[in-house]
Amino acid sequence: MRPIKLEITGLQSFSKKQVVDFDSLTSLGLFGIFGETGSGKSTILDAMIFAIFDEIPRTMGSKGKNIRPCLNQDSDILEVYFKFALGNDIFEITRTYKKKFSRKGEEKFEQSNPILIINKDVVADTVKNVESKIDEYFGMSVHDFTRSVVLPQGKFSEFLKLKGVDKMTMLENIFDLEKYGTKMSEKIKVRNNKLKDEITSLENQIKGKGDCSLEKINDIKENLILKENEYNTLIKNKAELEKEFNQLKELKGYFEKLDTYNDELQKLQLSEDKVNESKSLLEKHIAADSFKDLIDEIKNLKDSFIKNKGELTTSKTTLDTLNNALEVLKTKENELQMEIEKIMDELDNLKVDYNELDNLRKGDEYIRALHFKEKLLQESIDSSHGLELDLDSLSKKLKENKENLKTESLNYENLEKMDTQQILQFENEVKELSNEISLIESKLKDKESLEKEIQNIDEKKVSTLCNIDNCKSKIEEISKKSLETKAFEISKSLVSGECCPVCGSKEHPNPAKDTESVDLNELEIYSKEKDQLEKALIEIDTKLNYCSDKLNELNNLKDVETLRKELSEKEISLNALKEKEKELLLKESDLKNKVSLLKNDISSISLAIDEKKLSLDKIKSKIASSEEDILKEKEKIASLNLERDSIEFIEERKTLLENMEREYREVLSRKESLNDSLRVVKDNIFKDLNEIQKINLAVVSLEEKNNHIKDSCNEKSERLKTEATTKGFNSTEEILSHIFSEEKVLELNTFIENFEKDYTKYSNLKDEILKNIDNRTFDLKRWDELSSNLEEISKEEQNLFKEVTEYKGELKRVEQLFKESKELLEKIEQLRLKQDDILILQKKFEGRKFVKFLARKRLDYIAYEASKRLQKITRGRYLLTVDNNCDFNIVDAFNSNFTRECSTLSGGETFIVSLVLALALSSQLQLKGKVQLEFFFLDEGFGTLDTSLLDRVIEILEEIRWKEKMKIGIISHVEDLKIRIPRRLEVSAAIPGETGSLIKLI
């Protein structure tokens, strides 16, 4: 991952928006973030983690779900925008939390939907979708990310110095190996306890089922067989008794039915008189019903007679009314005839000469048309003169523009052309020279830096050599004094005539004199100092050789001033060519515009001339046509033979005739109105005559019809009286009283039919029962005895059936319990087998053997990866190995592959080894994801380092940056580091009540 841009608003000490331009900050590879303690340096890292994972583990806790305390108290919004690269993809992510208030005034802190943009396309805009995409592309958790990007203070040298068990514990924590150690053991233990509980539970279930053995099942079966035999015997005896009982029961039923049928027959005999009465009523109804039609006919005849009599009276009244109205209409008809005759006389006096009136109207129309056409003719003549003048002017202008076009076209063809290839060539040369000068200037800066560095290294080398010489002289001096002291000690033990233990001489002419005592610890100190200085000298020589090689590469550079002079000359020439090109382009554009304008003008003028000519031809044609129309109008006027052809005479005469015509039409309209009224009166007279005639005929018809109805009614009444008397009826009312409704007739018939049906039914049933009884008698005593015996047997049967059922249920229950117990025993056996496997596995994980195995594998690979970097940094001198106790050892290739403990390393060497271990550890963590390690932050407590060690650290970091192509960030508040870091970010602490933390790029 490579950060590009970070914007922070309202996070912790940052109240207002602050922007971190990582492209500028990391442009030189090594950069730093500086500021006082509590200024907000770590908040920059928090913002990056928050933008990606929506968590800040450092301040939000392990689960990272409480963001509220991270909001700046002076802000209402927390917003972080982070732009970074993963490989070739550019990611932009924005996360926002806003402070809101509910209706009750309670403060809320809600998250807005985050936005994730990849390569300028929005790919996710919800919390869940953004989380899914981040997991897809990163492949690591926030926990792994913080271990990979942010290297915690003091942890890496601690990792180097930790001993076996502690180192393994740290690896377990870093690589989450606890799940294979303590956690796995806990899981195994939990699983074993769970199996124990399951086995105990199953055993308790078996105990809870009680006695369900095979012996109990056999006992229940024996008892069940005895009870079933007893029950079957009882059933057999019961069946014999039931047979006899059923026979008595059947006979008892017959006698009961016989009593019932006799009762029903007695009831029917009581209603026999009512049945006979109903039959008599039905016979009367049938006789009366035969006269119903005749009675209805007589009634209808009487109703018709009354109705016709009323209509006859109405018709006579209407006839009188119509006769009176007819007399009135005849009087009105005579009056209208007389008025029409008067109007006819008036029309004769108002007759108009319509031929003269038509000629006058045509004359008026022809004269007005003649005047209009004469006016149009004059307008056409005036238009033709104007068009002829316009044509002359346009022709002159067209000729002038054609001459100008010819001149400007020649100027354009003769215009000088510019060589664009020459300009492009000059531009490329200027660009190449500029790039070459920039590159040489950059290399010259590196050269100056290297020369200063070589000078410093030479001075340091001279100083180190002097210190080594001083140490050597001090060692020689102390060794010499030590020898003198030892010689004095030996001389004290010399005896004349005895051999010297050193030279073997028996004479001792010049024995050693007493000297100052020597501190041998001081000799050891100078020896160690000499060894350290010699090691430092090797490092200085290594670095001096490296810098000298770099300087030699930069010595063969071209002269910058010569190149600058050449660049200036080419730029002047290029600018002159561009100015000339600009002038020519302006001239060319000006000529093009002139030629184009002239061509457009010529085209427009030509079109205008054509249009004017066409319009002139049309006008001339129109003039000729108008002259012909005028002659025709004059001929039409002459053909009318008017007394005078003036408009005034024609108007006066025409008005007089039109007034006469209008008056004539009004009188004629009045006549037609009277004719219409007369026609209506005559039509009404005709209608009244027809109506009178119809009514007279109707009166005659009604009188004849009433006479006929009266005769017919008398005849039918006499016939009804005669026939009714013969059938026992004395009057029409008596006949009508014996005519019943259909419901009543149906009721009487139903009553009679039911009686006859029931009487027949019970008589037949009685005969059938008597046949079934067959002269037998019913023994009531035997019936009571059988009933009592059967009741006792039924109770005994119920008890036996209950006992048999209980035995069967018990047998089924015990058999089911036996089956369940057997299944539970099988499950217990399976669980015990699993428990045996778990116990074997538990033994395998005792003492965290598996975790140690995994951690050792991780440790070996980390040492291998760290050794590769360490060899590059130390030019193949050092290797890192792991011994049997899981401790790190250093192999010195420059000292016959001598292996020594890491505790013997100097401070700078310790830091180098710790750093390569940190890089290897981070690489291992990032192997779990999909993100390539392109940069990391180092917070390593630089305040504990001295000046020389700080220089060495910076050198090492620069070397890692050159060789590993990585962006390295240092987080510190140490002021001495600022002058050693080429790019840095200054974080100013917040001022309460005034401003939040501020960021400045330096």
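Positions are given from 1, in the same order as the sequence printed here.
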Inset, instruction - Please lay out, stage by stage, how Glu826 and Gln830 fare under the test side chain to side chain donor-acceptor pair (under 3.5 Å). - result: CA-CA 6 Å; Glu826 290 174 355; Gln830 291 175 0; 5.9 Å; no
Inset, instruction - Dump the intermediate steps for side-chain contact (heavy atoms from CB on, under 4.5 Å) on Glu79 and Arg95, then the final yes or no. - result: CA-CA 6 Å; Glu79 185 174 72; Arg95 291 192 188 270; over 6 Å; no
Inset, instruction - List the steps, then state whether salt bridge (charged side-chain N to carboxylate O under 4.0 Å, His left out) holds for Lys196 with Glu203. - result: CA-CA 10 Å; Lys196 283 182 180 178; Glu203 288 174 345; over 6 Å; no
Inset, instruction - Start with the C-alpha gap between Glu806 and Lys802, add the side-chain angles, then the distance that decides, and say whether side-chain contact (heavy atoms from CB on, under 4.5 Å) holds. - result: CA-CA 6 Å; Glu806 286 175 355; Lys802 184 178 178 182; 3.3 Å; yes
Legend entry - Derivation of the side-chain contact (heavy atoms from CB on, under 4.5 Å) call for Ile49 and Ile56: CA-CA 6 Å; Ile49 297 167; Ile56 306 177; 5.9 Å; no
Inset, instruction - Could you give me the CA-CA distance, side-chain angles and deciding distance for Leu71 and Lys99, then say whether side-chain contact (heavy atoms from CB on, under 4.5 Å) is met? - result: CA-CA 9 Å; Leu71 175 68; Lys99 185 193 293 183; 3.7 Å; yes
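Residue Glu7 holds its CD atom at 7.0 Å from OG1 of Thr9, rounded to the nearest 0.5 Å. Leu839 contributes atom CG, which lies 9.0 Å from atom CG of Leu195 (distance to the nearest 0.5 angstrom). Taking NZ of Lys216 as the reference point, atom NZ of Lys221 lies at 14.5 Å (rounded to 0.5 Å). Here the OG1 atom belonging to Thr805 is positioned 6.5 Å from the NZ atom belonging to Lys808, to the nearest 0.5 angstrom. Taking CG from Leu800 and OG1 from Thr233, the interatomic distance works out to 9.5 Å, rounded to the nearest 0.5 Å. Taking CG of Leu25 as the reference point, atom CD1 of Ile44 lies at 8.5 Å (rounded to 0.5 Å).
When all heavy atoms of Leu116 and Val130 are compared, the pair lying nearest together is CB-CG2, 4.1 Å. What you find for Ile90 and Ala85 is that their closest heavy atoms are CD1-CB, 3.8 Å. For the pair Thr904 and Arg900, the tightest heavy-atom approach, listed with the atom from each and the gap, is OG1-NH1, 2.9 Å. Smallest separation of non-hydrogen atoms from Tyr807 and Ile220: O-CG2, 3.6 Å. Nearest approach of Ser13 to Gly40, heavy atoms of both residues: OG-CA, 3.9 Å. Counting all heavy atoms, side chain and backbone alike, Cys70 lies closest to Leu78 at O-CD1, 3.8 Å.
Using bins of under 30°, 30° to 60° and over 60° for the plane-to-plane angle, the ring pair Phe91/Phe84 lands in the parallel bin. Ring geometry for Phe50 against Tyr97 counts as tilted: the plane angle lies between 30° and 60°, on a 0 to 90° scale.
Using a 4.5 Å heavy-atom cutoff, the side chains of Thr96 and Gln111 are not in contact. A 4.5 Å side-chain heavy-atom check between Ile890 and Thr899 finds every atom pair outside the cut-off. Counting heavy atoms from C-beta on, the side chains of Phe888 and Val913 never come closer than 4.5 Å. Counting only heavy atoms from C-beta outward, the side chains of Glu131 and Asp135 never approach each other to under 4.5 Å. Side-chain contact between Leu870 and Leu879 is absent, with no heavy atoms from C-beta onward closer than 4.5 Å. With a 4.5 Å cut-off on side-chain heavy atoms, Met48 and Phe22 count as touching. Looking at heavy atoms from C-beta onward, Phe53 lies in side-chain contact with Ile134 at the 4.5 angstrom threshold. Here the side chains of Pro114 and Val127 are in contact, with some heavy-atom distance below 4.5 Å.
A salt bridge between Glu136 and Lys133 is present, with a side-chain N of the basic residue lying under 4.0 Å from a carboxylate O of the acidic one. Residues Glu865 and Lys868 are paired through a salt bridge, judged by an N-O separation under 4.0 Å between the basic side chain and the carboxylate. The pair Lys812-Glu810 does not count as a salt bridge, with every side-chain nitrogen at least 4.0 angstrom from each carboxylate oxygen. Salt-bridge annotation for Lys227 and Glu803: present, with a side-chain N of the basic residue lying under 4.0 Å from a carboxylate O of the acidic one.
No side-chain donor from either of Asn129 and Ser132 sits under 3.5 Å from a side-chain acceptor of the other. Under the 3.5 Å distance criterion, with hydrogens and angles disregarded, a donor-acceptor pair is assigned to the side chains of Asp89 and Asn119.
Panel note: side chain Ser201, backbone Asp197; no donor-acceptor pair is recorded below 3.5 Å. No donor-acceptor pair closer than 3.5 Å links the side chain of Thr26 to the backbone N or O of Lys967. The closest donor-acceptor contact from the side chain of Asn192 to the backbone of Ile188 lies at 3.5 Å or more, if one exists at all.
Other residues, nucleotides and ligands contribute at most 12 non-hydrogen atoms within 6.0 Å of the NZ atom of Lys98. Heavy atoms of other residues, nucleotides or ligands lying less than 6.0 angstrom from CD of Glu901 number 12 at most.
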